[in-house]
Amino acid sequence: MFARLNSFARPTFAALALSLVAVSGSPAVMAGELKPVYEEQHYDEYDCQTVKQAIKYLKKRNYKNIEKLEKEAEEGIYLFSAKKKNYDHEYVAYYITYDACDREIISREPAKVEKM
């Protein structure tokens, strides 16, 4: 293709090709000045989990017989009773305080069984 072009067309074609490369890699595009529309929404912020979602979280961590104890200790804090196997493969009952907004278990205490 270049062999057929005359001496005027070759530099013009080369300049056009270089300008296209320069525009596509311009600092404005690479610096992120052109923002897509979806970045305006706040995807980093998420809502607190519901009780069903919190129970599903605990089930994934091998808890069984999960029951919600109180309405809420605070906003987004749930109290559960659940059982989990220990190292001796025996089920141990626990009281679990779960933060539904941070999506983590705050505390886990063994349920005390009173002997008579």
From [X] [atom1] over to [Y] [atom2], what is the distance, rounded to the nearest 0.5 angstrom?
X: Glu67; Y: Leu79; atom1: CD; atom2: CG; result: 13.5 Å
X: Ile55; Y: Tyr78; atom1: CD1; atom2: OH; result: 9.5 Å
X: Ile105; Y: Phe80; atom1: CD1; atom2: CZ; result: 10.0 Å

Expected list for residues 85-93: side-chain donor-acceptor pairs under 3.5 angstrom, two or more places apart:
| unit_1 | atom_1 | unit_2 | atom_2 | d |
| --- | --- | --- | --- | --- |
| Asn86 | OD1 | Asp88 | N | 3.0 |
| Asn86 | OD1 | His89 | N | 3.3 |
| Asn86 | OD1 | Glu90 | N | 3.0 |

Tyr95, OH: over 12 other non-hydrogen atoms inside 6.0 angstrom: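 It does not: Tyr95 OH has 12 such atoms or fewer within range.
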Candidates Arg108, Lys84, Glu109 - the one meeting side chain to side chain contact (heavy atoms under 4.5 Å, CB included) with Ile96: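 With Ile96 as partner, side chain to side chain contact (heavy atoms under 4.5 Å, CB included) holds for just one option, Arg108.
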Test side-chain contact (heavy atoms from CB on, under 4.5 Å) applied to Thr50 - qualifying residues, sequence neighbours left out: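 Listed in chain order: Lys52, Gln53.
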Residues that Tyr94 engages under side chain to side chain donor-acceptor pair (under 3.5 Å), provided they are two or more places apart: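 None.
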Side chain to side chain donor-acceptor pair (under 3.5 Å) partners for Ser81, two or more places apart: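 Checked Ser81 against side chain to side chain donor-acceptor pair (under 3.5 Å); zero matches.
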Option from Glu104, Lys68, Gln49 for which side-chain hydrogen bond (donor to acceptor under 3.5 Å, both in side chains) with Tyr98 holds: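 By the side-chain hydrogen bond (donor to acceptor under 3.5 Å, both in side chains) criterion, Tyr98 pairs with just one of Glu104, Lys68, Gln49: Gln49.
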